[in-house]
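These notes concern the structure reproduced below.
What's counted below: heavy atoms across the whole structure, side chains too, no hydrogens, waters or symmetry copies. For clarity, every value in this text was computed on a predicted model and none was experimentally measured. Below, chains carry the letters A, B, ... as their sequence lines are ordered, and counting in each starts from 1.
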Amino acid sequence: MSEAHYNHRFIEHKWQQNWRENQLYKVENNSSKPAYYVLDMFPYPSGAGLHVGHPLGYIASDIIARQRRQRGFNVLHPMGYDAFGLPAEQYAIQTGQHPAKTTEENIQRYRKQLDRIGFSFDWSREVRTCDEDYYKWTQWIFKQLFSHWYNNTSNRAEHIDNLVAIFENEGNVNVNHAGGEIEKFTAEKWLNYNANEKEDVLQNYRLAFIQETTVNWCEELGTVLANEEVKDGLSERGGYPVIKKPMKQWFLRITAYAQRLLDGLDTIDWTDSLKEIQRNWIGRSEGASVHFQIDGHDKALEIFTTRPDTIFGATFMVIAPEHEWADELLTDSQRDEATEYINWAKNRSERERMSEVKSVTGAFTGSYCTHPFTGKQIPIWVADYVLGGYGTGAIMAVPAHDSRDHAFAKKFGLDIIQVIENDEANVQEASFDTKVGKCINSGFLDGLDVVDAISKSIAIIDQKGIGKGTINYKLRDAGFGRQRYWGEPIPVVFNEGIPSLLSDAELPLTLPEVTSYEPSGTGESPLAAIDEWVDTPQGRRETDTMPGWAGSSWYFLRYMDSENEQAIASRDAIKYWGQVDLYMGGSEHATGHLLYSRFWTKFLHDINILPFEEPFKKLVNQGMIQGIVESIYLKKEKDGDKAVFVSADKVENEDDYTQIPVHVDFVSDYKKTDAPSYLNSDGIKQFIDWRPEYFKATFICSNGTIEDRIFEGEGEARFITKSEIGKMSKSKFNVVNPDDICEEYGADTLRLYEMFLGPLEDAKPWSTSGIDGVSRFLKKTWKLFVDQDGNYLPTDDEADKKSLKTLHATIKKVTEDINRISLNTCVSTFMIAVNEFTEQKCRNKSVLEQFLIVLSPFAPHITEELWERGGHTTSIVDANWPKFDEKHLVEDTKNYPISINGKTRLNMELSLSLDKQAVEEAVLANADVQQWLDGKTPKKVIVVPGRIVNLVV
RNA sequence: GCGGGUGUGGUGAAAUUGGUAGACACGCUAGACUUAGGAUCUAGUGCUUAAUCGCGUGAAGGUUCGAGUCCUUUCACCCGCACCA
């Protein structure tokens with residue numbers, strides 16, 4: 001005897017077990033079916049576990065994966081873990097536990113939570129970036145990067161051996177590579193270099209290379225950070241201060257791919273905002289580089305400008321404090337003052353610098369350049385509004401037409417020369433920043449429009465041999481070394497300072513055991529302390545490890561053939577699955593993971609591993625599910641030795657209080673919109689138990705006072721809390737665990753409910769109000785199939801017309817909505833269908849089962865159960881997606897809305913076979929219409945057949 | 001400052017091509033059944049009104065027979081970037 005009532009615990013457990021035992025979601029690479037690849041961003045398994053926000057995207061992608069399978073595709077829908085990274089290591093430092101151990105525990109927990117939601121992941125393909133079998137290939141890709149250079153002429157990466165061959169034949173005079181400028185040498189000179197010198201040269205070409213640069217150093221974390229790991233001068237993880245520090249570092253030459261990364265955006269289906277963020281980050285700008293001869297030196301200062309048309313307005317030059325000639329250009333009279341300024345500017349933290357954006361600072365170097373066209377002397381200044389890392393770290397200042405230059409000129413009393421015509425503004429007072437107008441005071445450019453002047457000035461600069469048209473990118477090469485333990489070891493040894501790669505046979509280079517995970521503080525990783533690991537017959541090992549994004553830049557390829565020991569994946573597997581058809585994930589990875597993955601994909605394409613250049617054909621950003629942060633006000637001033645908390649309605653000036661986060665479980669009326677949330681006596685008791693340091697605190701409630709834990713006042717204590725929408729996080733004590741929802745309502749309800757919340761892309765605060773509606777819907781669905789005694793209801797009697805209409809309207813709408821990933825409206829459609837079937841007392845098995853199939857991607861457990869009860873022996877997962885048939889929706893009549901002057905006044909049931917004329921006549925003959933017309937004749941009658949009638953009076 | 005996005009009932013939202021604004025839910029109100037209800041069912045629910053009328057998609061204009069949807073101006077909020085020459 002089957003269960004009579006919908007018992008989600010029993011059903012979900014039963015089917016999850018069944019699916020696992022039958023390996024229902026395992027997919028093969030050999031299939032005659034078309035391939036479809038649906039990917040989720042794999043999670044970092046943190047100690048906090050999954051909260052209800054994580055599955056949002058997974059549920060959406062799972063629905064699409066399941067539906068594609070029912071539509072006849074072979075669907076790859078894998079999952080894995082981004083398992084190297086700082087949090088596990090920080091935890092290891094605190095507790096002494098091996099990060100591998102805590103990571104494993106966290107993964108187990110994640111897996112359990114994921115399994116409970118009923119995803120159709122093929123777990124046989126699971127990847128973990130910290131597995132040796134996996135990072136072997138991350139190291140292998142690194143080796144390829146080290147062994148290749150970027151040829152700007154062929155516009156692709158080429159093997160370094162080819163470059164060496166060119167050097168041996170003709171030196172580097174004809175080589176056009178991506179990277180900084182390199183002194184020219186002949187073949188003869190090259191052949192005479194010793195090994196060390198040769199490698200120093202090659203480092204300028206390799207796509208993975210070592211360079212001494214200023215890096216983002218975070219003292220607290222004891223490591224360098226990538227640009228995108230720094231937010232507002234603080235580390236993204238932990239929020240610790242970050243300073244600039246010179247250091248030798250591994251870099252990847254992503255800048256070689258800047259233009260292709262930009263162009264590729266036009267070929268992929270991502271949101272405009274995401275593409276815009278990447279365009280911004282790459283930051284292409286066209287302009288010119290110009291050399292200004294420095295007086296008394298035999299060198300010229302190279303600057304970059306997007307406005308070479310304003311060159312006649314350049315009245316001074318500015319170099320960044322980090323500029324390599326900053327010291328050299330100082331004259332004796334200016335040396336002390338300028339050095340002091342340079343030191344001050346260099347030592348300021350990012351954070352200080354950014355908070356003082358508006359202040360103008362700088363110093364005169366004492367040196368001058370000669371203007372190439374006017375021959376005038378122009379002073380060279382040093383100022384930190386010019387950034388060392390952008391362009392050439394030096395600019396020509398045109399104060400008349402650039403507000404920053406203007407502010408600087410005003411402060412230091414420098415000349416301002418107007419070179420773009422303008423009648424109204426006075427450039428002595430304010431700069432006139434414009435890209436339209438005619439040039440004046442500009443010699444050979446006079447009278448030209450800005451656009452023409454730019455091209456002409458570049459032509460002349462080029463002709464004079466002092467510069468050329470250039471394109472500049474904001475994008476920087478990506479720092480690739482981390483002075484950390486918990487990451488992929490870099491497969492390099494140094495012999496006499498010359499880096500060389502391990503052989504493929506030596507991979508994976510595994511992490512050794514260490515006794516302490518503490519950063520060494522010298523800037524070296526804990527690995528440096530293990531002599532027996534570091535010292536090898538071939539030389540000293542690199543002790544830096546790779547950053548978190550190394551493993552995640554290619555993981556989507558490994559899923560295609562996760563066990564392969566010969567390659568990252570077989571050629572056949574890569575060819576069969578191809579690009580990721582749909583990638584679901586958060587937009588916070590816009591300038592990190594998503595850019596690096598595109599970079600590695602293009603590189604792997606260049607070296608003939610991949611037949612495609614873009615990894616993710618279509619990308620959808622699921623919105624963040626936020627939590628509500630509850631906190632209470634603590635007076636900054638204590639009352640004697642007692643802490644004083646004050647109810648939010650009695651707080652006048654927030655500055656007098658500290659806000660203490662409160663566990664949301666203690667709060668009453670949590671998340672109600674119509675009433676403020678508060679702590680009652682019980683909630684306050686829970687709070688004190690939780691934070692015993694406030695055992696003796698006083699609570700000033702809105703209706704009385706609690707002292708020494710005794711409430712004096714009217715009725716029940718009411719202590720109002722402050723509620724804000726914010727991140728769902730462990731530190732805010734507001735995490736909602738999906739397990740709890742699965743336990744109470746079931747995974748199918750959770751899945752439907754998360755989709756029902758609203759459009760997938762929108763951010764929304766989590767709230768369970770409304771979940772009952774979804775739960776009721778599933779119970780109603782159940783009742784269509786099973787009566788109170790557990791009998792199976794559907795029969796093979798002929799379906800009635802109304803039910804067929806409901807069914808096909810549902811098939812049509814859901815099929816269309818899944819295609820445009822509008823999953824919230826699908827849930828509404830299901831509800832409407834079930835309401836109608838219930839109303840119709842529909843018992844037709846064929847109709848109801850087709851409905852089940854359409855519902856099954858959203859609610860796989862209940863539909864599988866009801867499918868089985870209908871006598872099926874194979875899973876609903878392999879049922880065919882039903883075909884929509886228009887004929888069931890054809891209507892004979894239409895209930896026309898009749899509007900008068902655009903306002904709907906009444907409805908009329910009319911045959912759809914009537915033509916415009918006939919409809920008009922019928923409408924005008926109607927008594928109610930005549931009453932509305934009040935004897936007047938309509939000026940115009942608009943009839944839109946099948947839609948509407950509008951009478952204009 | 002630049003770029004992207006969003007504004008619709010008490011709440012989450014729908015309206016895909018300009019064609020009955022508020023589907024579907026939550027909540028609320030009333031009723032039925034019940035020892036009970038945080039179960040189930042029935043009816044109602046944009047505002048206003050006794051009911052009609054009237055008014056309603058952030059605001060103001062415009063195009064149109066007809067505008068949440070198109071155009072112009074404007075306001076608010078969110079996200080990203082930010083001394084990028």
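With distances taken from any side-chain atom of A:Arg776 to the nucleotides B:G80, B:U40, B:A85, the minimum falls on B:U40. Set against B:U40, B:G4, B:U16, the side chain of A:Arg820 has B:U16 as its closest nucleotide. Among B:U40, B:G19, B:A25, the nucleotide with an atom closest to any side-chain atom of A:Lys780 is B:A25. Closest contact between the side chain of A:Asn824 and the listed nucleotides B:A13, B:C41, B:C65 involves B:A13. Here B:G19 is the nucleotide among B:G19, B:G80, B:U16 with the atom lying nearest to any side-chain atom of A:Asn950. Picking from B:G4, B:C83, B:A23 the nucleotide with the shortest atom distance to the side chain of A:Ile832 gives B:A23. Counting only heavy atoms from C-beta on, A:Ser828 has its side chain closest to B:A23 among B:A85, B:A23, B:C26. Residue A:Asp384 has its side chain nearest to B:C83 when only B:C83, B:C81, B:U40 are considered.
Looking at every heavy atom in both residues, A:Leu594 comes nearest to A:Ala590 through CB-O, 3.9 Å.
In terms of phosphate contacts, A:Ser285 brings a side-chain nitrogen or oxygen within less than 4.0 Å of OP1 or OP2 of B:A85.
Base orientation of B:G58: anti, the glycosidic angle falling outside 90° of 0.
Within the 4.0 angstrom heavy-atom criterion, only backbone atoms of the sugar-phosphate kind lie near A:Leu757; the bases stay farther away. Nucleic acid contact for A:Lys813: base, since at least one base atom lies under 4.0 Å from a heavy atom of the residue.
Separation of the A:Trp281 and A:Tyr473 ring centroids does not fall under the 6.0 Å cut-off. Aromatic ring centres of A:Phe408 and A:Phe316: separated by under 6.0 Å.
A salt bridge is absent between A:Lys805 and A:Glu836; no separation between the charged side-chain nitrogens and carboxylate oxygens falls under 4.0 Å.
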